[in-house]
J.: 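Before anything else, here's the structure in question.
Here the structure is a predicted model, which means the values were calculated and not measured.
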Amino acid sequence: MIYLIGSGGHSKVVVEALIQSGEADLKVLDSDAQKVGQSFLNFKIEHEEATLNQIQSPVSFFVAIGDPIARREVCERWLEK
């Protein structure tokens, strides 16, 4: 299982690359409550922070957020888990 964080344009490219490489066990996460529950390339978007609080380490994750500052903040939060 790979947790993919982000559901924007950069995430679309990452999801397609992961699927092409044979990885289909993905969960797409986003912190935007308005996106939660929506479909993203046939994956249901789940709430990023709620998911982070429920999972156990270690986990595989990929932060697919285009903004480098936001990407770093999310990475740091997940690495602390």
J.: Please, which pairs that meet ring-ring contact (aromatic ring centres under 6.0 Å, His included) have at least one residue in residues 51-81, sequence neighbours excluded?
T.: Tyr3-Trp78, Phe61-Trp78
J.: Among residues at least two apart in sequence or on other chains, which ones pass side chain to side chain contact (heavy atoms under 4.5 Å, CB included) with Ser7?
T.: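 Checked Ser7 against side chain to side chain contact (heavy atoms under 4.5 Å, CB included); matches are Val28, Asp30, Lys35, Phe40, Ile45.
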J.: Listed by chain and number, what are the salt bridge (Lys or Arg N to Asp or Glu O under 4.0 Å) partners of Glu80, not counting sequence neighbours?
T.: none
J.: Give the cluster check for Leu29 versus Leu79: same hydrophobic cluster or not, with ILVMFWY residues linked at side-chain heavy-atom distances below 4.5 Å.
T.: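 Shared cluster, yes.
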J.: Going from NZ on Lys44 to NZ on Lys27, what distance comes out if it is rounded to the nearest 0.5 angstrom?
T.: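 Nearest 0.5 Å value for the NZ-NZ distance: 9.5 Å.
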J.: Looking at Ile69, I'd like to know if its CD1 atom is crowded, meaning that more than 12 non-hydrogen atoms belonging to other residues, nucleotides or ligands lie closer than 6.0 Å.
T.: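 No - once you tally the heavy atoms of other residues, nucleotides and ligands closer than 6.0 Å, there are 12 at most.
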J.: Can you run down the salt bridge (charged side-chain N to carboxylate O under 4.0 Å, His left out) pairs that involve residues 10-26, sequence neighbours left out, and say none if there aren't any?
T.: none
J.: Using the rule that two of Ile, Leu, Val, Met, Phe, Trp, Tyr join whenever any of their side-chain heavy atoms come within less than 4.5 Å, decide whether Ile55 and Met1 are in one cluster.
T.: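 Linked, Ile55 and Met1 end up in one cluster.
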J.: For residues Ile65 and Gly6, report the shortest heavy-atom separation together with the two atoms involved.
T.: CG1-CA, 4.2 Å
J.: Please, which pairs that meet salt bridge (charged side-chain N to carboxylate O under 4.0 Å, His left out) have at least one residue in residues 54-74, sequence neighbours excluded?
T.: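 Only Arg72-Glu76 qualify under salt bridge (charged side-chain N to carboxylate O under 4.0 Å, His left out).
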J.: Rounded at 0.5 Å granularity, tell me how far CG in Leu26 sits from CD1 in Ile19.
T.: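 With rounding to 0.5 Å, CG (Leu26) is 6.0 Å from CD1 (Ile19).
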J.: May I ask whether Leu4 and Leu41 are part of the same hydrophobic cluster, defined by side-chain heavy atoms of I, L, V, M, F, W, Y residues being less than 4.5 angstrom apart, directly or through others?
T.: yes
J.: Give a yes or no on this: more than 12 heavy atoms of other residues, nucleotides or ligands lie within 6.0 Å of atom CG of Asn53.
T.: yes
J.: If hydrophobic clusters are built by linking Ile, Leu, Val, Met, Phe, Trp and Tyr wherever their side-chain heavy atoms come under 4.5 Å apart, do Leu18 and Val13 end up in the same one?
T.: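 No, separate clusters.
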J.: How close do Ala64 and Ser11 get, heavy atom to heavy atom, and via which atoms?
T.: O-OG, 2.9 Å
J.: Quick one: NE2 on His47 to CG on Leu52, what's the gap to the nearest 0.5 Å?
T.: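 If I round to the nearest 0.5 Å, the distance is 11.0 Å.
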J.: With sequence neighbours excluded, tell me which residues meet ring pair (Phe, Tyr, Trp, His ring centres under 6.0 Å) with Phe43.
T.: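 With sequence neighbours excluded, Phe43 shows a ring pair (Phe, Tyr, Trp, His ring centres under 6.0 Å) to no residue whatsoever.
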J.: My understanding is that only residues two or more places apart in sequence, or in another chain, count here; which of them pass salt bridge (Lys or Arg N to Asp or Glu O under 4.0 Å) with Arg77?
T.: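 For Arg77, the residues satisfying salt bridge (Lys or Arg N to Asp or Glu O under 4.0 Å) (neighbours in sequence not counted) are Glu48.
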J.: Supply the atom-to-atom distance Ile5 CD1 to Ser31 OG, rounded to the nearest 0.5 angstrom.
T.: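 Ile5 CD1 to Ser31 OG: 9.5 Å, rounded to 0.5 Å.
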